[in-house]
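Note sheet for the following structure.
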Amino acid sequence: MDQIGENYLVFAIACLVLALVMMRLLLRERITLQGSMSYLAFLAVIGLMAVFPKTTTMVANRLGFTLMSNFLFCTAIAALAILHLRALVTLSKVQLRTVVLTQELAMLQEKLDRVAADQTQRRSA
Amino acid sequence: MRVLIVVPAYNEQEALGGLLAEIRALDIAQLETVVVDDGSSDRTADVARAGGARVLRLCGNLGIGGAVQSGLRLAEREGFDCAVQIDGDGQHPPAELHRLLEAMHADDPPDLVVGTRYRDKAGFRSTMMRRIGSWWLRVILRFIARVRVSDPTSGFRLYGTRALRLFSAVYPYDFPEPESLALARVAGLRTAEVAVTMRERQGGTSSIGGFSAMYYMLKVTIAVVLTYVRALGRKPGNPDGSNR
């Protein structure tokens, strides 16, 4: 295992804290496991990069990054962009379903109102 | 012919009462009216009921596209022969409805009839900015979607059974009029135009103005291009454009 420097340790702890916050949200059923898996994977990757800085530096150098910080920023930005896109797809699906549900609900409500009005008329007749 | 008038309305309590009275005065057999209350915060639904219309009360604001589609879905589900969209702000005089219906009595009736205010050049023809916007949309629809219409933003329309089937499955949600024309063209529907006279809104305020007008133009332009590109990659036998 690489030796964890002080700066990297703070980074790893930050990832761990975020992961714990997510676990808490999952346990309280505020977020779904299906929706959180990619975010947890992202935290795991960033956490591993902090725990194994030498390996990360080696990978960064192989990919042509001269500065480790540039590699970290690039990785984080790319991962967040993917997560955002995924969230956008989910949100759009939910939005479309909400529209259909709202329309169906309105049609059912109108039908119920008419049935209720018919029954009231029959009773009074 | 069973006709359902679909009136999308959002906070239109001022204009709606008069509009429904005009619709009641029409001498058309088998005519029903449904007001789609798009999550209004005023007394729109009460005014609609008092005016003798059926009311679809949406529990949230879906926008004009979602509201219109609700009415079209109802028409399709209940087996109406056609549906006519008349805006709840009173811009579309119900007395002009017969012009749209006449188009359906042709030997080969179109699937979609659009009422245009720019043919007769009579009545209210909108502000200069909106007319410029309308010109741009005409150009976009003509050259990208190959649709020839003189009034692409007109919401005074008649939908035949094929159009009801198409738009029940898929309908644009915000600023839907120009995009739906492209959609109809791509699905192989026949669109016709008839001259109608429109008037200024009879109450309430327009939702399009200032920044939203610019957003409208941009969004509709992109949407028309997307509709065309989507059509290029669509499998045959799926004319409604849905992914089902």
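A, B, ... follow the sequence lines: proteins, then strands. Residue 1 opens every chain. Computed over heavy atoms, backbone and side chain alike; hydrogens, waters and symmetry mates excluded.
Under a cut-off of 6.0 angstrom, the local environment of CD in A/Gln95 is sparse, with at most 12 non-hydrogen atoms contributed by other residues, nucleotides or ligands. The environment of CZ in B/Arg2 is crowded: more than 12 heavy-atom neighbours from other residues, nucleotides or ligands sit within 6.0 Å.
The choice from B/Cys59, B/Gly66, B/Ala67, B/Ser70 that makes the most heavy-atom pairs within less than 4.5 Å of chain A is B/Ser70.
If you measure heavy-atom distances from B/Leu58 to chain A, the contacts under 4.5 Å come from both the backbone and the side chain. Residue B/Arg54 touches chain A through both its backbone and its side chain, counting heavy-atom pairs closer than 4.5 Å. The part of A/Glu104 that comes within reach of chain B is its side chain, from C-beta onward, which places non-hydrogen atoms under 4.5 angstrom from that chain.
A side-chain donor-acceptor contact under 3.5 Å links B/Asp42 to the backbone of B/Gln13.
Looking at heavy atoms from C-beta onward, B/Cys82 lies in side-chain contact with B/Leu101 at the 4.5 angstrom threshold.
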